[in-house]
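One structure is given here, and the rest of the page talks about it.
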Amino acid sequence: MSQTKIKCDATGEDLAFNPMEYLREGLFPHFLCPGCGHGIALRAMVWAVHELGIDKNKLAIVCGIGCSGRLGAYVDANTFHTTHGRPLAYATGLKLARPDLHVIVITGDGDCLAIGGNHLIHASRRNLDITCLMLNNEVYGMTGGQVSPTTSADRYTTTTPLGNTEAVFDACKLAEAAGASFVGRELTIQTPSLKNMIRDAIKHKGFSFVEIMSDCTEVFGRKNDLGNSAEMILTQKSTMRPDSYGGNIVDEPFRPNFLPTGVLAQTDRAEYGETYRAAHRAKGSAK
Amino acid sequence: MSNQTSTNKRENLQGNHACALAAVAAGCRFYAGYPITPSSEIAERMSLELPKVDGVFVQMEDEIASMGAILGASMGGAKVMTATSGPGFSLKQENIGYGVMTEVPCVVVNVMRGGPSTGMPTRPAQGDIMQARWGTHGDHPIIVLTPASVNEIYQQTIRAFNLAERLSTPVVVLYDETIGHLVETVDVAGAQEIELHERKWAAGEADDYLPYQPDDDMVPPMTRPGDGYRTHTTGLTHGEDGFPTQDPDTANRVLSRLYGKLEHNKDIVECFEAMDTEDADILIVAYGITSHAARSAVHDARDKGIKVGLFRPITMWPFPEQALLAAASKARHIVVAEMNAGQLVLEIERLAGRDRVQGLNRYDGEHITPADILSTIEGIA
Amino acid sequence: MSDEIEIRLSGSGGQGLQLSAKILSRAFTDEGKNVAQSQSYEPTSRGGMSRSDLVIGSDIPDYPLASAVDYMLILDQIAIKGAAEVMRPGGTVITDVKLTPEPPRGDFKVLALPITETAIKLGNVRIANVIALGVLAGLGELCSRESLESAVGSMTPPKFRDLNMKALRTGYDMAAARL
């Protein structure tokens with residue numbers, strides 16, 4: 001899909017791309033559990049950064065709390081591990097004060113949709129040029145596997161011992177309705193597509209929201225007997241959480257009952273930082 | 001260096017507006033806030049003043065986001081402020097703790113109203129003295145300044161920025177609704193002859209740079225995105241390299257230095273006023289609007305031949321302990337007058353001994369008057 | 001200390017009392033005085049009790065809040081609570097005869113004047129606050145007429161300037177008639 005001219009192998013990977021050039025090697029081995037999808041997401045992100053040729057010194061990664069929140073520390077950039085649910089609030093201040101930076105938020109389903117849900121709504125509405133990557137693994141992994149706003153129906157977690165009875169959030173619909181000017185969803189199993197999605201999200205001028213379907217093998221997969229990590233990620237290809245997203249399921253010929261992926265919404269609404277500065281210059285109040 | 005926002009003349013200025021003008025004069029270029037009585041005039045004035053100096057004002061979706069946004073902007077290199085009142089101050093606390101732990105300069109204004117909970121939004125109180133000290137969880141140092149007049153709000157807000165920048169820490173400016181809405185004649189031009197400080201920026205080799213390696217003043221220089229250091233910032237307990245650790249020695253060293261940097265720089269942190277305390281048999285301790293009533297009562301009592309003095313903390317926390325003990329050296333009685341159920345009195349009891357300390361308290365949304373304090377003095381004398 | 005004057009302007013929210021206080025403050029400040037102006041209001045913007053207190057002196061006052069009021073304006077019965085208690089013995093209370101049917105009683109003068117009625121006659125009930133300023137200044141010789149006229153001129157909207165100046169004159173005339 002990429003228009004960029006790069007040397008590729010059969011998987012589409014740029015042969016010149018070495019993810020370790022974008023990671024803090026000294027922190028390895030990393031903390032992620034075997035089979036966790038978050039590592040794939042992180043790889044896709046630095047791959048996108050590589051493709052875009054972004055200066056690491058101008059890259060700011062702002063994270064919240066949870067497994068997703070720990071990813072930032074591994075990136076060789078300006079990294080901020082903030083408070084639970086608030087990375088979008090911190091990123092808003094950072095981007096308004098420093099429009100020269102590329103600001104990427106890495107958050108999780110609990111961080112972004114539960115404790116930080118209000119900030120997602122208003123970041124979408126405000127439309128600052130921030131890229132928000134929400135890693136959805138359906139569970140609060142770091143705290144031991146509690147139910148989250150995206151846990152599928154009937155799934156067992158440590159706080160739904162009889163199976164989850166609450167409805168799930170469709171984060172993409174939420175972001176789109178609130179005004180996010182770029183909304184997409186991608187799977188960790190489709191790593192090149194995920195990379196392209198993140199790249200396009202970063203390139204997009206305005207608030208971009210990407211829901212990344214990840215897998216928690218250790219505390220979610222095992223609890224629900226979803227197989228090993230390979231089996232879990234393969235499940236992404238077939239029927240991923242079909243019941244939970246009732247209204248949004250599209251019946252594609254080759255992927256029946258599949259959660260829609262790809263760019264789900266995109267508009268060229270004005271970016272807020274520019275709007276703010278232009279408005280105040282226009283009204284003559286700026287020096 | 002700052003843009004002069006006022007003309008060279010005496011003005012009748014509201015306390016909250018003085019706070020905003022002082023912030024801009026101190027170099028504040030980013031403000032995030034959320035509307036709340038009785039502090040909203042600060043946000044309103046900032047929304048007007050910041051664009052004039054190419055600064056940014058943003059009204060966030062809530063109090064928590066406002067606190068997060070100013071920390072984000074400060075980590076980007078800007079001088080920042082937010083303002084709120086009791087309920088909002090409660091909501092900001094977790095992120096204030098983040099600012100303390102990550103050593104990010106910021107100024108947080110709390111205009112106190114009647115509490116607890118939503119309490120009395122338009123009535124004055126001084127009930128957040130202990131919250132300002134201990135509002136966020138865990139052991140932590142904090143600087144809290146308590147101005148008592150419009151002119152002093154101006155001066156202390158500038159001082160708050162200077163301390164935040166010099167010591168890389170959140171600074172709380174704490175005053176009551178009465179002072180916030182009081183309009184006084186001030187000489188704004190005169191008040192602007194104040195030295196400004198900016199945080200120390202990291203210098204030297206970027207490779208293996210240790211962002212939390214302190215200088216001799218116990219304060220580490222700051223890095224910011226774009227300057228090549230690519231550091232990590234986390235609220236988790238972290239070593240000099242900025243990365244999280246639970247190593248007991250490091251944890252001990254980190255917290256000890258956070259406390260130590262305030263203690264080490266006590267000379268610039270502490271601020272107080274002692275009036276007629278040399279021979280004082282009775283010492284009144286008061287702050288904010290209550291200190292005006294105390295001053296008036298002290299003058300009246302002195303006219304009647306009673307040896308009474310006033311001690312007024314301008315830096316509330318860390319409390320100026322030695323200065324209080326000096327002011328109270330001859331005092332048989334110490335009266336702590338405050339518009340709450342008894343908060344600072346606990347600290348004064350701790351320092352001066354319970355036997356000679358008593359509280360004079362009011363928490364009905366009305367002021368402690370000069371007459372209230374005078375009659376207490378006469379009752380003792 | 002000795003030349004301190006305390007003034008309270010009180011009534012209900014929406015009567016323009018906060019603006020009156022600002023105008024009066026400006027007039028005093030222009031004459032070199034120091035002013036401390038405090039306010040008390042209810043959480044609602046309109047209809048609740050509203051008052052603004054001025055403590056004026058050559059020096060910065062010890063206590064910036066009113067504790068012994070020399071001149072008090074009461075434009076609405078809602079502001080009556082606590083009024084008598086805060087008056088200085090021998091002080092002056094000016095009330096609106098219609099909106100303050102039960103004025104405070106005590107060791108002070110009470111002048112009940114048709115302030116809002118006069119404002120309506122002049123064409124706009126909203127200038128009652130400026131008429132009241134004229135009455136107050138005329139009775140008390142608090143500040144020079146020039147200072148007050150200049151403050152009213154600079155702090156009221158241009159299109160209502162003539163009306164407000166007329167209101168101020170009317171207030172002075174009402175005061176002169178009662179002296």
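The chains referred to below are lettered A, B, ... by the order of the sequence lines, with proteins before strands, and numbering in each begins at 1.
Neither the backbone nor the side chain of Ile65(A) comes within less than 4.5 Å of any heavy atom in chain B. Heavy atoms closer than 4.5 Å to chain A are found in the side chain of Val58(B), but not in its backbone. In this structure, chain B has a heavy atom under 4.5 Å from the side chain of Tyr276(A), while its backbone stays farther away. Of the atoms belonging to Ala73(A), heavy atoms from both backbone and side chain fall under 4.5 Å from chain B.
Nearest heavy atom pair, residue His232(B) against residue Gly72(A), reads CE1-C, 4.5 Å. When all heavy atoms are compared, the tightest approach of Arg24(A) to Arg230(B) is NH2-O, 2.8 Å. Nearest heavy-atom pair across Phe243(B) and Leu27(A) is CE2-CD1, 3.6 Å. Shown here for Arg126(A) and Gln59(B), the closest heavy-atom pair between the two residues is NH2-O, 3.7 Å.
Comparing Ile121(A), Thr92(A), Thr82(A) by how many heavy-atom pairs each has under 4.5 Å with chain B, the most go to Thr82(A). Looking only at heavy-atom pairs under 4.5 Å with chain B, the residue among Ala60(A), Gly93(A), Ala123(A), Gly85(A) that has the most is Gly93(A).
Atom OH in Tyr229(B) sits 12.0 Å away from atom CG in Asn78(A) (nearest 0.5 Å). Here the CZ-CG distance, from Arg29(B) to Leu96(A), works out to 15.5 Å after rounding to the nearest 0.5 Å.
The number of heavy atoms from other shown groups lying within 6.0 Å of OH (Tyr34(B)) does not exceed 12.
At a heavy-atom separation below 4.5 angstrom, chain B is approached by Ala97(A), Arg98(A), Leu101(A) within residues 97-114 of chain A.
Counting only N and O atoms by type, the side chains of Asn95(B) and Tyr90(A) include a donor and acceptor under 3.5 Å apart. In this structure, a donor-acceptor pair under 3.5 Å is present between the side chains of Asp62(B) and Asn118(A).
In this structure the side chain of His81(A) never reaches within 4.5 angstrom of the side chain of Thr233(B), judged on heavy atoms.
Between Glu61(B) and Arg125(A) no salt bridge is recorded (no basic side-chain N to carboxylate O distance below 4.0 Å).
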